[in-house]
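Throughout, numbering of the chain's residues begins at 1 and tracks the sequence. Note: hydrogens, waters and symmetry copies are ignored here, and every other heavy atom, side chains too, is used.
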Amino acid sequence: MTEETKSFEPTIIGFTCNWCSYRAADMAGTARMKYAPNVRLIRLMCSGRLDPTFVFKAFASGADAVLISGCHPGDCHYISQNYKALRRFHLMKRVLTQLGIEPGRLKLLWASAAEGAIFASEITKFVEEVRALGPLNWPQPGEQVSTPIMEEVTA
């Protein structure tokens, strides 16, 4: 383990459902449950409203991981939108793998408003998993990218 990895604190963007998982995070906070402060939560009305481009933009903007959280399947306030989120989640994992990003950097979590303890525990576990993966180190806009294919093309 390098010195950089030892001191690495991941930045995680969390997209949460207004009705369940955001309230679970709020419950964890008001109950003073301890969990890692690495997650920046963004509240959506429903996990089904999460556009995949938001996830890719989070990674491109420097996030080391992304958490998607919503109501349990069958308990969605918008009938079946969390099933839509589940389908998109599996699609995004495949796309991330093709982009060379470990699929473990994207997590889906179902949490009801009463599951603050579960939410806090899952956040802590996810932060540890991402910490073990290390920094994403995606090139920033304008950075020169050197790959074997690019070297063949320019030679």
Side-chain angles (χ1 to χ4, degrees), residues 1 4-141 143:
M1 188 178 266
E4 179 186 335
T5 312
K6 284 181 188 173
S7 64
F8 169 62
E9 283 299 326
T11 299
I12 299 171
I13 302 299
F15 294 101
T16 58
C17 159
N18 177 62
W19 303 105
C20 286
S21 54
Y22 188 80
R23 294 177 193 244
D26 190 42
M27 179 187 189
T30 56
R32 298 189 186 275
M33 296 175 192
K34 300 278 187 217
Y35 65 92
N38 302 67
V39 179
R40 291 7 176 231
L41 297 180
I42 298 171
R43 180 170 43 175
L44 303 171
M45 287 310 291
C46 178
S47 59
R49 296 283 301 155
L50 177 63
D51 189 320
T53 57
F54 296 170
V55 172
F56 301 130
K57 176 76 173 171
F59 281 116
S61 298
D64 296 300
V66 174
L67 170 75
I68 302 167
S69 186
C71 305
H72 288 278
D75 287 340
C76 182
H77 284 69
Y78 298 101
I79 317 298
S80 61
Q81 291 300 299
N82 50 10
Y83 290 108
K84 182 179 175 181
L86 178 61
R87 287 190 304 271
R88 286 181 173 173
F89 169 75
H90 289 299
L91 176 69
M92 286 184 282
K93 279 189 95 103
R94 287 189 3 223
V95 170
L96 290 174
T97 302
Q98 292 173 350
L99 291 172
I101 296 175
E102 299 95 339
R105 292 184 184 273
L106 181 64
K107 181 179 180 81
L108 179 63
L109 170 64
W110 304 125
S112 75
E115 295 177 329
I118 292 171
F119 187 85
S121 135
E122 289 295 320
I123 292 286
T124 302
K125 279 196 297 190
F126 189 43
V127 168
E128 289 305 316
E129 291 168 9
V130 175
R131 194 175 283 136
L133 290 172
L136 181 56
N137 292 329
W138 245 21
Q140 294 303 308
E143 254 185 76

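- When atom types are taken as modelled, the side chain of D64 and the backbone of P135 share no donor-acceptor pair closer than 3.5 angstrom.
- For T30, the side chain to side chain donor-acceptor pair (under 3.5 Å) test picks out no residue, with sequence neighbours left out.
- Minimum heavy-atom separation, A65 to V130: CB-CG2, 3.5 Å.
- The CG atom of L91 sits 11.5 Å away from the CG atom of L86 when rounded to the nearest 0.5 Å.
- I13 approaches A58 most closely through the heavy-atom pair CG1-CB, 4.1 Å.
- Panel note: side chain R88, backbone G48; a donor-acceptor pair is recorded below 3.5 Å.
- Using a 4.5 Å cut-off on side-chain heavy atoms (C-beta onward), F54 and I42 make no contact.
- Smallest separation of non-hydrogen atoms from S112 and A24: O-CB, 3.2 Å.
- The aromatic rings of Y35 and F119 stand perpendicular to each other, their planes meeting at an angle above 60°, with 30° marking the opposite boundary.
- Nearest heavy atoms, G134 versus F8: C-CE2, 3.5 Å.
- Each side chain to side chain donor-acceptor pair (under 3.5 Å) pair with one or both residues in residues 98-111, not counting sequence neighbours, appears once here: E102-R105, K107-E122.
- Using a 4.5 Å heavy-atom cutoff, the side chains of L99 and F59 are not in contact.
- When side chains are defined from C-beta on, F56 counts as touching V95, because their heavy atoms get closer than 4.5 Å.
- One distance of note links CZ of R131 with OG of S7; it measures 10.5 Å at 0.5 Å rounding.
- Residue L106 holds its CG atom at 9.5 Å from CD1 of I101, rounded to the nearest 0.5 Å.
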query = Which is it for C20 and H72 under the side-chain contact (heavy atoms from CB on, under 4.5 Å) test, yes or no, and what are the steps along the way?
reply = CA-CA 8 Å; C20 286; H72 288 278; over 6 Å; no
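- Between the side chain of S80 and the main chain of C76, no donor-acceptor pair closer than 3.5 Å is present.
- Looking at every heavy atom in both residues, C46 comes nearest to Q81 through SG-CB, 3.3 Å.
- Taking each heavy atom of M33 and A120 in turn, the nearest pair found is CB-CB, 4.3 Å.
- Inter-residue side-chain proximity for S69 and T16 is flagged as met; some heavy-atom pair is nearer than 4.5 Å.
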ask   = Under the side-chain contact (heavy atoms from CB on, under 4.5 Å) criterion, do F126 and L109 qualify, and how do the steps go?
value = CA-CA 10 Å; F126 189 43; L109 170 64; over 6 Å; no
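- Considering CG of N38 and CD1 of I123, their distance stands at 9.5 Å, rounded to 0.5 Å.
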request  = Tell me, with the steps shown, if V55 and F15 meet side-chain contact (heavy atoms from CB on, under 4.5 Å).
outcome  = CA-CA 9 Å; V55 172; F15 294 101; 4.3 Å; yes
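- When atom types are taken as modelled, the side chain of R23 and the backbone of N18 share a donor-acceptor pair closer than 3.5 angstrom.
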